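First up is the structure itself, then whatever we jot down about it.
Counting from 1, the numbers follow the sequence of the chain as shown. What you see is a predicted model; the values in this text were computed from it and never measured.
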Amino acid sequence: MSAYRTGDPLDRRRFLTAAALRGATVIGTGALTTGALSTGVLGTGVIGATSLGAVDADAAFAAPIRPLDPAVAESAFAEGRITAINQDVLEVAGSYGDHSRVRVTNATSVWKARATTAADIETGDGLYARGLPLPDGTLAADAVWVNIVNLHATIRGIEKTRLHLAHGQHEIVGNLMAQTTSASYGDASPTADLSRLTIGQSAQVLGAWRPSDGSVDLVRVAVAPGAGRRR
C-alpha cells in the first residue's frame with residue numbers, strides 16, 4: 001500500500017508532477033456514481049476534513065497539521081493512478097509500483113481543478129488522497145485531489161485560451177479557464193488579470209492535468225514580483 005505518514009511537501013510535489021508528465025497507460029473504465037456514495041463508510045473512522053487540515057488546492061502541498069485530539073490518528077496519504085472503481089473504493093496504482101485502496105464517502109472533499117464531488121472521479125485519473133488508515137488496509141479519505149499538479153515552468157507562448165509552458169524537457173499546454181484561472185504577481189493577491197504574463201517568465205503553475213491529452217487546466221500562475229510588462 002502506498003499510504004504513508006506525513007512527509008516533506010516537496011516530495012509530494014515531485015511525485016505529483018511526475019505522475020502528470022509521465023502519461024501512464026489508462027487501465028480500466030468507469031466512474032464513481034452518486035449511488036455508490038450511498039454505501040459510504042460514515043461512522044467507520046472518517047472524520048471531518050478540517051480535523052486533518054485544509055482542503056483547498058494548496059493544502060495538498062502544505063505541511064500536514066498534527067491533530068489536537070489525541071484520539072485522532074495522524075493523517076496518512078496515498079497517490080497514483082486510479083485503475084478501477086469498486087463501489088466507494090478507488091483502486092490506485094502508486095508511482096513506485098505499490099498499490100492503495102482509497103475509500104471515499106459523501107464526507108470526502110474532492111478537488112479537480114475546483115471543488116467538486118466524487119461523481120467527477122474517473123478511472124485513469126491521477127489521485128492524491130489524505131485520510132486515516134482503516135483496519136482493513138484501506139485509506140478512509142477526508143480529502144482527495146484529482147490530477148493536481150504544482151510545478152515550476154517557463155512561459156514559452158501566450159494565446160487567448162492557453163499558455164505554452166516548458167518544464168525541464170517537457171512542453172506543456174496550459175488551458176486558461178474563464179472564471180477560474182488567476183495570476184499571482186509577487187506577494188499580491190491572485191487576480192483574474194492575466195495581462196502581465198509575458199513570454200520568458202518563470203512561473204509556478206497550479207492546476208489539474210487532463211489525462212485525455214496531457215494538457216493542464218490552469219488554476220493559478222504565480223510569477224515573481226515586478227516580473228513582466230503589460231502586453
Practice task
Start with the C-alpha distance between Leu194 and Leu176, add both sets of side-chain angles, then the distance that settles side chain to side chain contact (heavy atoms under 4.5 Å, CB included), and finish with yes or no.
Solution key: CA-CA 10 Å; Leu194 307 181; Leu176 300 174; 4.0 Å; yes
Handout entry: side chain to side chain contact (heavy atoms under 4.5 Å, CB included) evaluation trace for Glu159 with His164
Key = CA-CA 8 Å; Glu159 298 182 20; His164 294 273; 2.8 Å; yes
Exercise for the section: Assess whether side chain to side chain contact (heavy atoms under 4.5 Å, CB included) is satisfied between Thr83 and Thr123, documenting all intermediate values. Expected result: CA-CA 6 Å; Thr83 60; Thr123 304; 5.6 Å; no
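Among residues two or more places apart in sequence or in another chain, the salt bridge (charged side-chain N to carboxylate O under 4.0 Å, His left out) test is passed with Arg114 by Asp120.
Panel note: side chain Arg156, backbone Leu165; no donor-acceptor pair is recorded below 3.5 Å. Proximity of a side-chain donor or acceptor of Ser215 to a complementary backbone N or O of Gly174 within less than 3.5 Å is not detected. In this structure, the side chain of His167 engages the main chain of His152 through a donor-acceptor pair within 3.5 Å. In this structure a side-chain-to-backbone donor-acceptor pair under 3.5 Å is present from Thr108 to Ala141. In terms of modelled atom types and a separation under 3.5 Å, the side chain of Thr138 and the main chain of Ala140 share no donor-acceptor contact. A distance-only check finds no donor-acceptor pair linking the side chain of Gln204 to the backbone of Arg220 [under 3.5 Å].
For the residue pair Ser195/Asp193, the side-chain donor-acceptor check at 3.5 Å is satisfied.
Of all non-hydrogen atoms in Val205 and Ala153, the two that sit nearest each other are CG2-CB, 4.5 Å. Closest approach of Ala208 and Val146 over heavy atoms only: CB-O, 4.3 Å. Listed here is the closest heavy atom pair of Leu218 and Thr180: O-CG2, 4.5 Å. Trp111 approaches Gly207 most closely through the heavy-atom pair CH2-O, 3.6 Å. Between Thr117 and Val110, the shortest heavy-atom distance links the atoms O-CG1, 3.9 Å. Taking both residues in full, the closest heavy atoms of Arg162 and Val173 are given as CD-CG1, 3.7 Å, listed atom of the first, atom of the second, then distance.
Contact of the Thr181 side chain with the Val219 side chain is not registered, since no non-hydrogen atoms from C-beta on lie closer than 4.5 Å. For the pair Ser109/Asp142, no side-chain contact is recorded, criterion being any heavy-atom separation below 4.5 Å from C-beta on. A heavy-atom distance below 4.5 Å is not found between the side chains of Asn175 and Thr161. Taking the side chain as every heavy atom from C-beta outward, Leu139 and Leu132 never approach each other to under 4.5 Å.
Rounding to the nearest 0.5 Å gives a distance of 5.5 Å between CG of Leu90 and CD1 of Ile85. Separation of atoms CG (Asn147) and CG (Leu127) is listed at 9.0 Å; rounding is to 0.5 Å. Atom NE2 of residue His170 and atom CG of residue Leu151 lie 10.0 Å apart, to the nearest 0.5 angstrom. The line from CG of Leu134 to CZ of Arg103 is 6.5 Å long, rounded to the nearest 0.5 Å. Here the CD1-CH2 distance, from Ile148 to Trp209, works out to 13.5 Å after rounding to the nearest 0.5 Å.
Both tests do not hold together for Arg130 against Phe77: distance to the six-membered ring centre under 6.0 Å, angle to the ring axis within 45°.
Salt bridge present: Arg101 and Glu91 bring a charged side-chain N and a carboxylate O closer than 4.0 Å. Looking at Lys112 and Asp217, no side-chain N of the basic residue comes within less than 4.0 Å of a carboxylate O on the acidic one, giving no salt bridge.
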